[in-house]
**Student:** 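Mind looking over this structure? Questions follow.
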There are 2 protein chains.
Amino acid sequence: MNVVNESPRRKELTRLAAQLFVQEGFDRTTVRMLAQEMGIKSGSLFHHFRDKQEILAAVIEEGTQNALTIARHALEECGDTAEARLHAMACAHLETLLTDRNAHVVALYEWRRLGAAARDHLSHLRDAYEALWEQVIDEALDAGLIHGDRFLVSRFVMGALNWTVRWYDPEGPRKPEDLAHELIAMITPSSHAGR
Amino acid sequence: MNVVNESPRRKELTRLAAQLFVQEGFDRTTVRMLAQEMGIKSGSLFHHFRDKQEILAAVIEEGTQNALTIARHALEECGDTAEARLHAMACAHLETLLTDRNAHVVALYEWRRLGAAARDHLSHLRDAYEALWEQVIDEALDAGLIHGDRFLVSRFVMGALNWTVRWYDPEGPRKPEDLAHELIAMITPSSHAGR
DNA sequence: GGTTTACACTAGCGCTTGCTTGGTTGACCT
DNA sequence: AGGTCAACCAAGCAAGCGCTAGTGTAAACC
């Protein structure tokens, strides 16, 4: 048995699984459906993953890991004004929500189906990501760019951003940067820049 | 068979089902679990509901109906300034999210499990509710209270509010009105009222 | 006093589920 | 040439699933 490797094959299978989990939901996705989508038989699945739950964990880990990478990179690239960093963070969030959409939708909707062990491990990853957000928001508060309670502001912002997966249409006229810009315009009293 | 009545018994069963659906998720909740929670045997369940999906539909309908009622009531009671109406709407939203928490969590997480017919019927209900929001936000835009794109602003606000079900602790120090107030302070450039 | 109605029960059918078992294949290494 | 190993398959098990059929019973109604 294979189980904890990082073979390219496993990565590809994880990607396919994410798509099915979004389409059908984790519970309704059977191992036979997963196997068929991957072009193998259901028994062969358990060569790559210990059990069905491990596939879910792999999907979510992949997505969260990417989000962390992208966000860290964005924060290094951007300037060091509070506004630039806030914008970079929002952009990065929307960008990863878009390109890794399947994985993130799964993370948002199927989190509760994780086993206790996997949930434990992954919530550390998620906490690391959210810490980036709170840091950037702290900076914006200190700079007087926004006002309010740091806890509440960060929750509200993350809520607004994560909710986008329910309505955002990548084919539509709005780009992720537009959304980020508009959101920041909405919460910063100084800037009245419309569109 | 009973099926489409509105007996008080059925209402109570719906409430219990909502709780289980939140705890376990719709798919993992078996008819036997539902029956046990209700103090009957699984077969008897189908005297009250045509099938399992109808239970889900009943849960969501109940929650959405309540949200509509509360929101309409709140809009009648409050004053007619744009700010008062915005605040009333946000309060009503959080209040129903709190008191009918189970039903709304189910609506948010298990919507996709609805059959096509039920989804059709319920999306009309939901649209009616969202129309209230867009109307109030339009008024706030016209009054110059907030700025930005009406579509985006309403999505962002609903996202921030709905996200509260993931972190809000009713036992904590913050009351729903506090949240509503802080959210509105965050998006209205004029008011710098802290807490 | 007989019929209806609402609600519950027992028993189980037919099917699907996640997962296991035991074995085959072909590429690669020595 | 012999051995290793990841990758896959066919077959199937035990458990659990949603749901149905047929029956019992106590209260409500005519």
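All chains are named by letter (A, B, ...) in the order of the sequence lines, taking the proteins before the strands, and each is independently numbered beginning at 1.
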**Student:** Rounded to whole angstroms, how far apart are CE on M33(B) and P on dC17(D)?
**Tutor:** 8 Å

**Student:** Any Lys/Arg nitrogen of D27(A) or R113(A) sitting under 4.0 Å from an Asp/Glu carboxylate oxygen of the other?
**Tutor:**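 Looking at R113(A) together with D27(A), the answer is yes, because their closest N to O distance falls below 4.0 Å.
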
**Student:** Could you state the atom-to-atom distance from CG of D27(A) to P of dC17(D) in whole Å?
**Tutor:** 12 Å

**Student:** For L20(B) and dG18(D), give me the distance from atom CG to atom P, rounded to whole Å.
**Tutor:**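 Whole-Å distance recorded here is 12 Å.
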
**Student:** Using the benzene-type ring in the case of Trp, are the ring centres of F151(B) and W167(A) under 6.0 Å apart?
**Tutor:** yes

**Student:** Along nucleotides 8-14 of chain D, 5' to 3', which nucleotides get a B, which get an S, and which get a -, given that the test is a protein heavy-atom distance under 4.0 Å?
**Tutor:** SBS-B--

**Student:** Could you state the CD-C1' distance from E24(B) to dC17(D), rounded to the nearest angstrom?
**Tutor:** 15 Å

**Student:** Name all residues meeting the salt bridge (charged side-chain N to carboxylate O under 4.0 Å, His left out) criterion together with E130(B); count only those two or more places apart in sequence or in a different chain, and write none if there are none.
**Tutor:**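 E130(B): no salt bridge (charged side-chain N to carboxylate O under 4.0 Å, His left out) contacts found.
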
**Student:** Could you give the CD-to-C1' distance, from Q53(B) to dC17(D), as a whole number of Å?
**Tutor:**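 Going from CD in Q53(B) over to C1' in dC17(D) covers 15 Å.
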
**Student:** Would you call the rings of H87(B) and H181(B) parallel, tilted or perpendicular, taking 30° and 60° as the class edges?
**Tutor:** perpendicular

**Student:** Should R174(B) and D149(A) count as an ion pair when the cut-off is N to O under 4.0 Å?
**Tutor:** yes

**Student:** Quick one: side-chain hydrogen bond (donor to acceptor under 3.5 Å, both in side chains) partners of E12(B), sequence neighbours excluded?
**Tutor:** R15(B)

**Student:** Can you check the F49(B) CZ to dC7(C) P distance for me, whole Å?
**Tutor:** 11 Å

**Student:** CZ of R113(A) versus C1' of dG18(C): gap in Å, rounded?
**Tutor:** 17 Å

**Student:** From CZ of F46(A) over to P of dT21(C), roughly how many Å is that when rounded to an integer?
**Tutor:**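 So the two atoms are 12 Å apart, to the nearest Å.
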
